Amino acid sequence: MPAKYNQFRAMLAITRASLIGISRSPSAIIFSIFFPLIFILVFGLIGNTGGQTYKLVLDPASDQANPVLDSLKNKSNIKFVTYDNAEELESELIKGRIAGILQISKAEDSGRYDISFRSTTASSDKYYTFLPFLENIINKIDRQKFTDRQTIAIVKTEIRPVREYRTIDFILPGQLGFSLLSAGVFGVAFLFFSLRQQMVLKRFYATPISRTHIVLGEGISRVIFQLMTAIIIIAIGHYFFQFTLINGWITFLEIMVLSILALLVFMSFGFVVSGLAKNESSIPPLANIITLPQFLLAGTFFSIDAFPKWLQPLSRSLPLTYFNDAMRKISFEGAHLSDCWLELAILGGWGLIGYVVAIKVFRWE
């Protein structure tokens with residue numbers, strides 16, 4: 001008499017086979033283990049820095065020996081900077097690059113200090129959190145030195161109205177940059193792998209059209225589509241959320257030129273991935289190795305200054321960082337493309353490296 005079919009053993013066999021299949025899938029490992037660990041690491045590092053980093057200018061007339069200043073200098077997220085002249089300092093204040101100017105003077109006939117903090121509305125994203133941070137430092141000193149409700153210092157603020165730096169002015173460039181990066185890497189990688197797998201590229205190769213024009217044709221279509229996407233993102237940001245276009249149409253056109261250059265650079269990474277990929281399931285892990293670090297470390301959601309000092313050089317080596325920096329300088333600070341020559345040069349350098357590698361690994365079938 002035949003043995004009764006064992007459903008439980010069959011279920012265990014399916015479970016075992018499925019586990020083996022999952023463990024052999026690079027995408028499953030990357031998305032299930034690697035990505036969460038990376039997010040935990042990045043946000044954990046931000047938390048360990050003590051919060052946002054503040055750049056301050058100490059007025060030369062300030063008292064140099066007082067507990068408030070000593071406490072500030074001991075904080076890892078406080079950086080005192082100096083400028084050669086008043087014009088340069090004023091320019092940095094208007095552009096919102098520093099939190100403000102701090103002046104500390106000793107009050108007459110008392111052990112108290114008067115603290116004057118001067119800033120502009122362009123730095124609102126910085127001083128809104130710095131002033132409570134400063135008050136916490138003063139309160140801590142008070143608890144250590146006084147028991148009768150006295151205070152070591154009184155803070156007076158002077159905020160001068162200029163252009164207000166809104167959250168959208170920081171977030172939108174990062175989101176546009178990541179949109180271009182994702183389209184350049186994922187879009188090109190999947191497209192060219194599919195064309196190669198279906199032997200379409202090989203058929204193209206057999207026609208009179210040159211390799212260069214094949215790649216250019218596909219590349220131009222990507223550029224046109226992504227520029228339409230960029231226009232929509234910028235239009236919604238400007239008209240619905242007051243994203244700053246400081247010089248109007250001139251700024252918009254310069255952003256479009258910058259976006260074209262960035263997309264051409266990012267597409268080179270997509271060609272590299274499509275050439276390296278052995279099968280379709282290996283494309284997402286390879287593409288995310290390129291895109292994820294830039295998504296997290298290139299100033300997309302928060303300033304690079306929020307990271308530990310040892311991590312900042314890595315952040316400043318990523319191509320998306322330089323697109324984001326140039327975009328913010330052009331849109332909010334009123335810079336032109338010619339003023340962003342360093343960012344453009346580094347982007348161009350990354351593009352050169354990307355296409356050299358892409359040519360080496362490119363395959364027709």
Side-chain angles (χ1 to χ4, degrees), residues 168-195 212-274 283 287 290-291 294-295 298-301 318-355 358:
I168 191 69
D169 292 316
F170 185 88
I171 292 295
L172 189 143
Q175 294 304 306
L176 176 59
F178 190 70
S179 172
L180 296 174
L181 178 64
S182 298
V185 178
F186 284 94
V188 169
F190 276 108
L191 171 66
F192 273 82
F193 181 84
S194 176
L195 293 176
T212 303
H213 288 87
I214 293 172
V215 175
L216 281 177
E218 294 291 348
I220 290 172
S221 68
R222 289 279 160 186
V223 169
I224 293 173
F225 179 79
Q226 281 308 124
L227 284 184
M228 293 170 60
T229 303
I231 290 172
I232 293 171
I233 291 173
I234 293 171
I236 292 175
H238 180 66
Y239 290 108
F240 290 92
F241 300 101
Q242 290 75 54
F243 173 68
T244 302
L245 294 172
I246 189 64
N247 293 318
W249 281 102
I250 295 176
T251 298
F252 173 76
L253 292 175
E254 289 187 312
I255 288 175
M256 290 297 101
V257 174
L258 176 63
S259 297
I260 292 173
L261 172 62
L263 184 58
L264 292 174
V265 172
F266 299 151
M267 285 171 59
S268 70
F269 304 149
F271 287 123
V272 171
V273 172
S274 69
I283 292 178
I290 295 173
T291 59
Q294 300 189 72
F295 181 55
T300 302
F301 291 111
L318 301 173
L320 183 59
T321 297
Y322 293 92
F323 172 83
N324 290 340
D325 288 348
M327 176 83 172
R328 288 166 183 141
K329 287 181 179 180
I330 292 171
S331 63
F332 184 78
E333 298 179 9
H336 297 287
L337 284 172
S338 57
D339 300 317
C340 301
W341 62 268
L342 177 62
E343 289 82 1
L344 297 179
I346 294 176
L347 270 176
W350 270 106
L352 179 62
I353 294 171
Y355 282 108

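Given the structure is predicted, the values throughout are model-derived calculations rather than measurements.
For the pair Q242 and D169, the tightest heavy-atom approach, listed with the atom from each and the gap, is O-OD1, 4.3 Å. Of all non-hydrogen atoms in L320 and A298, the two that sit nearest each other are CB-CB, 3.8 Å. Residue I330 comes nearest to T251 through the heavy atom pair O-CG2, 3.5 Å, listed as atom of the first residue, atom of the second, then distance. Contact record, F243 with M327: CZ-CE, 4.2 Å, taken as the closest heavy-atom pair. Considering all non-hydrogen atoms of both residues, A335 and C340 come closest at CB-SG, 4.4 Å. The shortest heavy-atom contact between Q294 and T300 is O-OG1, 3.6 Å.
The structure places CE of M256 at 3.5 Å from CD1 of I234, a figure rounded to the nearest 0.5 Å. Taken to the nearest 0.5 Å, the CZ atom of F186 stands 9.5 Å off from the CD1 atom of I283. Of the inter-residue distances, the one linking W350 atom CH2 with Y355 atom OH reads 14.5 Å to the nearest 0.5 angstrom. Residue N324 holds its CG atom at 6.5 Å from OG1 of T321, rounded to the nearest 0.5 Å. Remark: Q175 CD to I168 CD1 distance equals 8.5 Å, nearest 0.5 Å.
Just one of L176, I231, L263, I260 meets the side chain to side chain contact (heavy atoms under 4.5 Å, CB included) condition when paired with Q226; it is L263. Just one of L227, I232, I233 meets the side chain to side chain contact (heavy atoms under 4.5 Å, CB included) condition when paired with T229; it is I233.
By the 4.5 Å heavy-atom criterion applied to side chains, L172 and H238 are not counted as neighbours. Using a 4.5 Å heavy-atom cutoff, the side chains of L347 and P319 are in contact. No side-chain heavy atom of I246 sits under 4.5 Å from any side-chain heavy atom of F332. For the pair L245 and I255, the minimum side-chain heavy-atom distance is below 4.5 Å.
The salt bridge (Lys or Arg N to Asp or Glu O under 4.0 Å) analysis of residues 323-332, with sequence neighbours excluded, yields the pairs K329-E343.
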